[in-house]
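Below you'll find the structure, written out as structure tokens, and then a few comments.
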Amino acid sequence: MSKVGIIGAGLSGLTLALALHQQSIPSIIYESRPDAPLNIGGAVMLSPNALRVLDRLGVYERIRTRGYTFTKVDYRNAVTDTVTEMQEFGGKDKYGYDALRIYRSELIDVLLEMLEAAGVSIKYGRKFAKVLEETERQVTWEFTDGSRETAQLLVGADGIHSTVRKYLYPDLVPKFTGLAGITAAVPTAQLQAPVDLHLPLTYVLPGKGGFVIAPQQVDGSEQLIGKQRRVEKDLTREEWAAFMADKESQVKFLQDIDPAFPEVVHRAVSNIPHDKINVWPFYVVPRLNAWSSEDQHRRVVILGDAAHAIPPSAGQGINQAFEDVYMLSLLLSDTAKENNKDYLAASLKWWQESRQARVDQVLELNKQIDLRRLPQSQDSDGLEKLNFEVGWLYDIDLDQVVGNWLKEFQ
Ligand SMILES: Cc1cc2nc3c(=O)[nH]c(=O)nc-3n(C[C@H](O)[C@H](O)[C@H](O)COP(=O)(O)OP(=O)(O)OC[C@H]3O[C@@H](n4cnc5c(N)ncnc54)[C@H](O)[C@@H]3O)c2cc1C
């Protein structure tokens, strides 16, 4: 590959540029925002599968000490205040890495520093509009200001409401699930949590849903608190902006706590700073048949939320995007195969199938988690409670997986 154009400077786009650079593939990122990349939603949770990718890219060493490390989340019955189940999120001995909860801004800062050192440029204020022409060797596209660019490959890392995806699916609209996550950050001291209370945890009040408490900041001095809110109908962008801006209503929702919850939950919501509130409406992209322009020449690819935005239950949204990115960079690096005209089609097809299979497994895990957090959820009806075996998720070595496929392809 002599040049890749990446649309979107979110976590997928930034990480893809870094991964391509590691494979000596030049790329340019185009971002619609006028300056700094999207910094939404406070902190994110990174699990060993993603941390292994970030380690191979040299990112892990730089972020390791910038977030809160943990290994598991407890599920506690809110009435009896006892642990009913435990879900692993990481573990150095078992999976090579503890889980890391890190502010998105910290991760973005590190990626930007590394991209600058690598000489990768990010063009801000360039909003992708449409693909103009795709040939066997390259693709040309246009921005909303009428300017044009050409590259060997165009990657849409432009998020859940992706415009690049419209080239593959002109009529597709992400589906609103009817739920939004309402979260806030409060000082840990406010909780006056018993010393033997393990955090993070999810309190479950049977029949009434859950309440999440998760430490953040390196020293655990802050707690994310949150619960899920039903929202009657999908809202327009402007309506969501107004919904998010109505902090009083979000505080009221968070403070509406059933008396059956333990005191620590009541103290957690006693004082909620408005500037630490986040609203995350849950949209999903239905399962797509193609993540690249297979009817044309496969010179247009989508990944991350653009290809498979998934509900947040297992906290795998961004973790799965890192898997997409790293695997794709390894496949594109195989320049020896560049003259084999079947290689691009075959590798992209296999990439999508393997990635989709993992995303499907994560969706199953989500259902298991919802079964615990949302006992009345329609999605969970009739599901059997299975144990939380997650080795398949955390133990993957993508270098090995791709290496094996390349050997077979030869
Ligand atoms: C409030 C909130 C909290 C979240 N918390 C978590 C969490 O704890 N854990 C987790 O795993 N996931 C979490 N997620 C989901 C996670 O943020 C997404 O999975 C992740 O951001 C996807 O990354 P992405 O780079 O694919 O897309 P995005 O982060 O959406 O980035 C897309 C980028 O493309 C740009 N763009 C869009 N259109 C164009 C265009 N036409 N031209 C040029 N640029 C364009 C956007 O400005 C943006 O910078 C959260 C999401 C939200 C909203």
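The structure displayed is predicted, hence computed values, not measured ones. Read the numbers this way: they start at 1 and go in the same order the structure lists the ligands and their atoms.
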Close-contact set for ligand 1 against [X] heavy atoms, below 4.0 Å:
X	answer
R126	42 (N), 43 (C)
G315	11 (O)
Y30	43 (C), 44 (N)
A157	32 (C), 33 (C), 34 (O)
G304	26 (O)
I318	10 (C), 11 (O), 12 (N), 19 (O), 20 (C), 22 (C), 23 (O)
R33	47 (O)

Hits for side chain to side chain contact (heavy atoms under 4.5 Å, CB included) against E61, two or more places apart or cross-chain, chain-then-number order -> R64

Query raised in the report: Aromatic ring centroids of W405 and W351 under 6.0 Å?
Result: no

Is it true that the NZ or CZ of [X] lies under 6.0 Å from the centre of [Y]'s six-membered ring and within 45 degrees of the ring axis?
X	Y	answer
R126	Y30	no
R101	Y68	no
K175	Y283	no

Side chain to side chain, V139 and L153, heavy atoms closer than 4.5 Å:
no

Quick note, salt bridge (charged side-chain N to carboxylate O under 4.0 Å, His left out) partners involving residues 66-77, not counting sequence neighbours, are R66-E106, K72-D74, R76-D81

Among [options], which one has a heavy atom closest to [atom]?
atom	options	result
atom 52 (C) of ligand 1	F143, F282, W280	W280
atom 27 (O) of ligand 1	G159, A180, G10	G159
atom 18 (C) of ligand 1	D305, V279, I29	D305
atom 26 (O) of ligand 1	P312, A43, A309, S12	S12

For [X] and ligand 1, does the shortest N/O to N/O distance drop below 3.5 Å?
X	result
S32	yes
I160	no
K127	no
R104	yes
I7	no
R101	no

Between P281 and F176 the two heavy atoms that sit nearest each other are CB-CE1, 4.0 Å

Applying salt bridge (Lys or Arg N to Asp or Glu O under 4.0 Å), run through E353 and K349 and close with a yes or a no. CA-CA 6 Å; E353 284 168 1; K349 183 171 184 294; 2.9 Å; yes

Honestly, for T163 the part within reach of ligand 1 (heavy atoms, under 4.0 Å) is side chain

Inset, instruction - Test D98 against K92 for salt bridge (Lys or Arg N to Asp or Glu O under 4.0 Å), laying out the working first. - result: CA-CA 5 Å; D98 288 339; K92 198 164 176 14; over 6 Å; no

Q. Do Q316 and S47 have a side chain donor and acceptor closer than 3.5 Å?
A. yes

**Item:** H161 touching ligand 1 at heavy-atom level, < 4.0 angstrom
**Value:** no

Run the salt bridge (Lys or Arg N to Asp or Glu O under 4.0 Å) check on E134 and R299 step by step: do they pass?
-> CA-CA 7 Å; E134 185 180 348; R299 297 279 159 185; over 6 Å; no

